[in-house]
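Written out below as structure tokens is the structure these notes cover.
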Amino acid sequence: MLLRLADVQRHFGGVRAVDGVSLEVEKGSIQGLIGPNGAGKTTLVNVVTGYTRMQSGQAWLESDELTGLPAHRIAGLGIGRTFQNIRLFKDLSAIENVLVGMHVRRHDDTLAQLATLRLFRREEQSRIEETNRLLETVGLPRSIGDRQANTLPYGDQRRLEIARALALEPRLLILDEPAAGMNPSEKQGMRELIERLNADGMTILLIDHDMRLVMGVCRRVAVLNFGKKIADGTPDEVSTDATVIKAYLGTGGEREVRSAPGAAGVDEERDVEAAALSARAAKEPEKAILDVEDLTVSYGAIVAVRGVSFRVAAGEIVALIGANGAGKSTILNTLSGLIRPQSGSANFDGLDLANAKASAIVRHGLVQVPEGREILARQTVLENLELATWARHDGASTRKQIDDVLKRFPILGERRALSAGSLSGGEQQMLAIARGMLARPRLLLLDEPSLGLAPQMVDEVFRAIEEIHKDGTTILLVEQNALRALAIADRAYVIETGRILLSGSGDDLLHNPAVRRAYLGG
């Protein structure tokens, strides 16, 4: 066995995040680790890699005991990892990010750098060549090497993080939600990468909510629920286990999906461009609370959004869907004042969003819940909520609104005294939405609210979105889960490579093959 865990425990107050877990990962295998949000998967990974201290139990990597070692020592012993929420050095280039991953293998060459010795230059060039090889290994072209990490499409950032982990030359590679937020064609590419790395001898521990991916590549799968291991076996054994099904999918909230965008009700051989041209465009509202006209946004020489125009009326849910890198999040960040457009206009109820400060935009009633949640991890749940009301002076009213939010999201009330960073991904998403609601939005921008969540928690998030909408909040929704977004949207726009390909009602777009092309990428 390569990795052995024996009765590992980690508690946060009264929350038993990891509760006596024992696990073995065979050398040369792909081991899956699944379970609903809050099951303890990421906490277990953090304990194994030294990011979180183990309270009891033991861990070994072959003959090397990991128990009590700090993160850098464990990395040096040969465990590389990626993170549920991407943690690249976003201001560094792709090459520099991978070079950072080689730190445990580098000797102290400070004197060589000061002296600019020829030997150092050869070693530096050798590392750059190795970096380029790693980029190609994960499916990235060498041409992106000099680009800043934050300018890369989301899927490419995921691959770059894997390249950085491989730079450690690990004995064990831990992938935490590597396919989160990817469309099906990108997930297939990730599956092929995982299988190729394993075929080359890499042992992989895979954590992901995509059951098709996990069951398709893993030889064995372990299942956690509320910190305990409830199953461990082959994919067939685990997928048919009644306890696993109940824990992972939940009960009473499941929705059986019978079709994908463009999968039914159309002639699949029709030309998709013709389908886009002939589709009934959504009737734009005559009176709009948000009016975007010919918006163009660039990152240096990269044009991310190209002449986008759309409108949102008060009381609507409008969805923006499309493949990763299509420009959806860039549009939201521009509307929030975080990015300045190159040209075009955006007007929110009389406010010029293209020139207004972000703080003024929030005060005017446009509030964004960002992709990745961006909660304050070291602050408690209650402190996160209180900070969302910092500019208020009506103390009694503010306290009542916080109490109302905690009633709407009961799990946050139960966790109010815990640090936000100790919450599961789904609970953090609920916190991010609750924090956004406390800013009193008239227009709420939601960026990938279901990103990386288990099906049961996706149901909870979308239920909360519908309740918020029923209370009168207008919503502009960016969502990778096209089925769920189109199911609740009054209207939707399909974006492809920075342009709006077509628009229509949710039902119309579900049966349009052009959506398949924009969403599935082919």
Practice problem: Starting at CD of E374, measure out to CZ of R435 and round the result to the nearest 0.5 Å. | Solution: 8.0 Å
Donor-acceptor list for residues 10-19 side chains, cut-off 3.5 Å, not counting sequence neighbours:
residue	atom	partner	partner atom	Å
R10	NH1	R53	O	2.9
H11	NE2	Q9	OE1	3.3
H11	NE2	R16	NH1	3.4
D19	OD2	K228	NZ	3.1

Quiz item: Is there a donor in the side chain of S450 and an acceptor in the side chain of E479, or the other way round, less than 3.5 Å apart?
Solution: yes
Practice problem: Would you check if L205 and L33 make a side-chain contact, meaning some heavy-atom pair closer than 4.5 Å? | Solution: yes
Practice problem: Over all heavy atoms of both residues, which pair between L168 and I79 is shortest? Give the atoms and the distance, please. | Solution: CD1-O, 3.9 Å
Exercise. Could you check E136 against R142 for salt bridge (Lys or Arg N to Asp or Glu O under 4.0 Å), going step by step and ending with a plain yes or no?
Key: CA-CA 7 Å; E136 292 178 344; R142 293 191 177 204; 2.9 Å; yes
Self-check item: E237 side chain to T234 backbone, donor-acceptor under 3.5 Å
Solution: yes
Practice problem: Report the distance from atom CD1 of I144 to atom CG of L160, rounding to the nearest 0.5 Å. | Solution: 6.0 Å
Exercise. Would you mind reporting whether M102 and T131 have side-chain heavy atoms less than 4.5 Å apart?
Key: yes
Self-check item: Close side-chain approach of P370 to D447, heavy-atom, < 4.5 Å
Solution: no
Quiz prompt | Flag, side chain of R191 to backbone of G216, donor-acceptor distance under 3.5 Å | solution = yes
Exercise. Check step by step if salt bridge (Lys or Arg N to Asp or Glu O under 4.0 Å) holds for R127 and E130.
Key: CA-CA 5 Å; R127 285 193 287 265; E130 183 181 356; over 6 Å; no
Quiz item: Where do R484 and V458 land on the side chain to side chain contact (heavy atoms under 4.5 Å, CB included) test, with the steps shown first?
Solution: CA-CA 9 Å; R484 298 303 298 266; V458 171; 3.7 Å; yes
Practice problem: State, yes or no, whether a side-chain contact exists between L3 and T203 at a heavy-atom distance under 4.5 Å. | Solution: no
Quiz prompt | Backbone N/O of V47 and side chain of T52: donor-acceptor pair under 3.5 Å | solution = no
Self-check item: Minimum heavy-atom distance P178-I207, with the two atoms named
Solution: CD-O, 3.5 Å
Quiz item: Does a side chain donor of either D176 or T82 reach within less than 3.5 Å of an acceptor in the other side chain?
Solution: no
Quiz prompt | D64 side-chain N/O to W60 backbone N/O, donor-acceptor pair under 3.5 Å | solution = no
Quiz prompt | Value rounded to 0.5 Å, distance of CD in E460 from CD1 in I465 | solution = 11.5 Å
Exercise. Indicate yes or no for a side-chain donor-acceptor contact from T49 to the backbone of V45 under 3.5 Å, with no hydrogens or angles considered.
Key: yes
Exercise. Return yes if some donor-acceptor pair links the side-chain N/O of S419 with the main-chain N/O of Q379 below 3.5 Å, else return no.
Key: no
Quiz item: Is a side-chain donor or acceptor of S93 paired with a backbone partner of D146 at a separation under 3.5 angstrom?
Solution: no
Quiz item: If every non-hydrogen atom of R171 is compared with every non-hydrogen atom of L2, which pair is closest and at what distance?
Solution: O-CD2, 3.3 Å
Quiz item: Do you see a donor-acceptor pair shorter than 3.5 Å between the side chains of Q368 and N333?
Solution: yes
Quiz item: Within the side chain of E192, is there an N or O that forms a donor-acceptor pair under 3.5 Å with the backbone of G189?
Solution: no
Quiz prompt | Verdict with supporting geometry, D208 and I34, side chain to side chain contact (heavy atoms under 4.5 Å, CB included) | solution = CA-CA 6 Å; D208 208 286; I34 65 172; over 6 Å; no
Exercise. Check I331, L320, L332, V478 against L445 for a side-chain contact (heavy atoms from CB on, under 4.5 Å) and give me the one that passes.
Key: L332
Quiz item: Side chains of L423 and R415: does their closest heavy-atom pair fall under 4.5 Å?
Solution: yes
Self-check item: Distance, nearest 0.5 Å, that separates CG of N225 from CD1 of I230
Solution: 5.0 Å
Exercise. Mind listing the closest non-hydrogen atom pair of G233 and V238 along with its distance?
Key: N-CG2, 3.7 Å
Self-check item: For G80 against P170, the heavy-atom pair lying closest together
Solution: N-CB, 3.5 Å
Quiz item: Heavy-atom distance under 4.5 Å between the side chains of C218 and L206, does that happen here?
Solution: yes
Practice problem: Inspect the contact between E62 and K27 and indicate whether a charged nitrogen and a carboxylate oxygen are less than 4.0 angstrom apart. | Solution: yes
Quiz prompt | Evaluation steps, side chain to side chain contact (heavy atoms under 4.5 Å, CB included), between I204 and E195 | solution = CA-CA 10 Å; I204 296 173; E195 291 177 325; over 6 Å; no
Quiz item: Taking Q84 for the side chain and T42 for the main chain, is one N or O donor matched with an acceptor at less than 3.5 Å?
Solution: no
Quiz item: How far apart are the C-alpha atoms of D156 and L140, what are their side-chain angles, what is the distance that settles it, and do they pass the side chain to side chain contact (heavy atoms under 4.5 Å, CB included) test?
Solution: CA-CA 7 Å; D156 288 352; L140 295 174; 3.6 Å; yes
Quiz item: Are L166 and M202 close enough that some pair of their side-chain heavy atoms sits under 4.5 Å apart?
Solution: yes
Quiz item: With distance as the sole criterion, is a donor-acceptor pair present between the side chains of E65 and T67 under 3.5 Å?
Solution: yes
Quiz prompt | T137 (side chain) donor-acceptor with R133 (main chain) under 3.5 angstrom | solution = yes
Exercise. For the residue pair L213 and K187, establish whether any side-chain heavy-atom pair is separated by less than 4.5 Å.
Key: no
Quiz item: What's the shortest heavy-atom distance between I162 and L173, and which atoms?
Solution: CG2-CD2, 4.5 Å
Practice problem: Mark yes when over 12 heavy atoms from residues, nucleotides or ligands other than R196 sit less than 6.0 Å from its CZ; otherwise mark no. | Solution: yes
Practice problem: Nearest 0.5 Å please: distance from the CZ atom of R158 over to the CG atom of L152. | Solution: 13.5 Å
Quiz item: How many angstroms lie between atom CD of E26 and atom CZ of R219, to the nearest 0.5 angstrom?
Solution: 7.0 Å
